[in-house]
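Below is one structure, written out as structure tokens; the observations come after it.
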Amino acid sequence: MSGSEPAPPDPARDACLALSLFLTAPAQLGGLSLRGSGPAREALLEMLRDTGVAVRRMPAHVDDERLLGGVDLAVSLASGRTVRARGLLEEIAGGVLVVPLAERLDHAIAGRLAQALDGDARFGLVLLDDGIEDEGPPAALLERIAFHCDLTHARLVEGALRSADPANVAPLDEEALHALAATAAALGVHSIRALNFANAAARAHAALEGRVVVSEDDIAAAARLVLGPRATRLPEMPEQPEDEPTPPPDDTDARERDEASDPGDTPLDDVVLDAALASIPPDLLARLAEGKARRSSGSGGGKKRISCLRGKPLSARPGRPRGGARLALVDTLRAAVPWQQLRRREYEAANDRLIIRSSDIRVRRYEERSGRVTIFCVDASGSAAAARLAEAKGAVELMLAQAYVTRSEVALVAFRGTVAELLLPPTRSLTRARRVLSGMPGGGGTPLALGLQAGHQLAEAVQARGKTAHLVILTDGRANIDAEGKGGRPQAKADALDAARAIAARGIDALVVDISARTAPEAGELAQAMHARFLALPMADAAKLHAAVSAAAPQARAA
């Protein structure tokens, strides 16, 4: 290709075009995801409402009954017969369903939406993604919508939404289909749905431009909007052949070279690939290099568990209200109402009598997120103790500053000389932590086994209270005091490895941070015995240590 590099696409303009393409072929394109809150996204939603298309916002805590429909309890009880209520997906048929906070969407609800998109329900989906860093909507929904638009750095939207009828646009020819498939393969996009979306988007783009035959511009736009944001790798560049002696010039060869260099003869595959590359998010390569894949739902904190008393309400299930479980009265009535006429005939009961059986009883469940306790086990021995303690103190303070957001606590175990001490029990109090940290002593031998045992015991106590424990061991791994408090490196090392294996046997999540001046093999052996992640930070400061611990800490997953 000739000419200067093309200007990077405007994300707001591309999002506006994607929405126009969706309005042109809603059944084929499914919808779009809008990442990043701001005026550009709100302007797009307002423009969507102004088109006259029915737009409904899904409630944050929608349940199956509201989403899919069920028994209208009030009308059924009043009329004495079962009356069905329409669900949200039926009400929005032919319109657009807007899902706020899609990165936090419950996986069960996401599954219902995905199943509806695959079935007979005809509605468009707009996912509003407010996630930070690697958070994102459920993959099952992103797979079923054509466009993923990032408006994080978008300017105000200019222009208006358009729509057209793509019925008169001719199907893509073999060359165009090959160009889309080759581009998808080069970018690591292996989904057949993505190719189908690109095909439909190319035809919709041609319809918007008033064409009946798909052109090169239409295919390039489809690749840029559909394939580019899905890229998982950059295409491999062909190796340049070594210089070879050139034959004497020939007039025929010169004419052929001139014709081959004509910009108008650029292969369609290259044009489409260049268009897709222009829309790859700038941070994609950095995230892939660091192994950070966007995850769906969940943030910091402990593990999720089912509770009968408190937490996020879940759908009711059959059961008995005992052992602390609460009766879900409305759900119980919904289960009983459809059978009333049959039961009244069976029992020859009056029409106003409500007959409930044990199989109708429903109990309410809750999803409760347990707190997380990060236990720092700090090697406070040796001449470098002052620097290591300063790092630990700063990291503890930084983590406590986020405690109220992540529902996490911090504890501190220091080991030196012949003892290991619990200096800071699990706490969220920054004032208390600062008071204890300011007087933390240092110097002496390295009783690594005692430190690991103390951290292990505290982690067991934390888990016994229903919380999630995460061990962070800051050490160079060079133990010289054994589990009995006696000197001797061979026995001290053996005792430390035994303590590490005991932690691994209990399945306690751990991170070993090597803070020696140079990477120590002993610290790596300790991490291997503990089945822990290993991190070498010989020149780390408090901020780097805090970032490393936060990145390595286990993320909450749906139960």
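This one's a predicted model, so the numbers in the text were calculated from it and none came from an experiment.
- Electrostatic pairing of Asp360 and Arg357 does not count as a salt bridge here, judged by no charged N lying under 4.0 Å from a carboxylate O.
- Cys377 and Leu471 get closest at one heavy-atom pair: SG-CD2, 4.0 Å.
- With respect to Arg533 and Asp509, a salt bridge is recorded, a charged nitrogen being found less than 4.0 Å from a carboxylate O.
- The residues Glu525 and Lys493 are annotated as salt-bridged, a charged nitrogen and a carboxylate oxygen being separated by less than 4.0 angstrom.
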Between Arg104 and Asp129, does a salt bridge (charged side-chain N to carboxylate O under 4.0 Å, His left out) hold up when you go through it step by step? CA-CA 9 Å; Arg104 301 183 185 179; Asp129 179 5; over 6 Å; no

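- With sequence neighbours left out, Arg362 forms a salt bridge (charged side-chain N to carboxylate O under 4.0 Å, His left out) with no residue at all.
- Looking at residues two or more places apart in sequence or on another chain, you find a salt bridge (charged side-chain N to carboxylate O under 4.0 Å, His left out) between Arg506 and Glu460.
- The line from CZ of Arg112 to CG of Leu88 is 14.5 Å long, rounded to the nearest 0.5 Å.
- A heavy-atom distance below 4.5 Å is not found between the side chains of Thr232 and Val189.
- Of the options Leu511, Ile508, Ile503, a side chain to side chain contact (heavy atoms under 4.5 Å, CB included) to Met530 is made by Ile503 and by none of the others.
- Counting heavy atoms from C-beta on, the side chains of Val126 and Leu44 never come closer than 4.5 Å.
- With salt bridges taken as basic N to acidic carboxylate O contacts below 4.0 Å, none links Arg489 and Asp482.
- How far CG of Leu97 is from CG of Leu117: 9.0 Å, rounded to the nearest 0.5 Å.
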Arg478 vs Asp514, salt bridge (charged side-chain N to carboxylate O under 4.0 Å, His left out): CA-CA, chis, key distance, verdict: CA-CA 10 Å; Arg478 299 188 180 100; Asp514 180 5; over 6 Å; no

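- Pairing each heavy atom of Leu127 with each of Pro137, the nearest pair is CD1-CB, 4.0 Å.
- Summarising the geometry of Ile481 relative to Gly487, their closest heavy-atom pair is CD1-CA, 4.0 Å, with the distance given to 0.1 Å.
- Judged by distance alone, the side chains of Thr374 and Glu409 never bring a donor and an acceptor atom under 3.5 Å apart.
- Taking all atoms of both residues into account, the shortest heavy-atom contact from Gly36 to Thr152 is CA-OG1, 4.1 Å.
- Looking at Asp379 and Leu448, their side chains never come closer than 4.5 Å, going by heavy atoms from C-beta outward.
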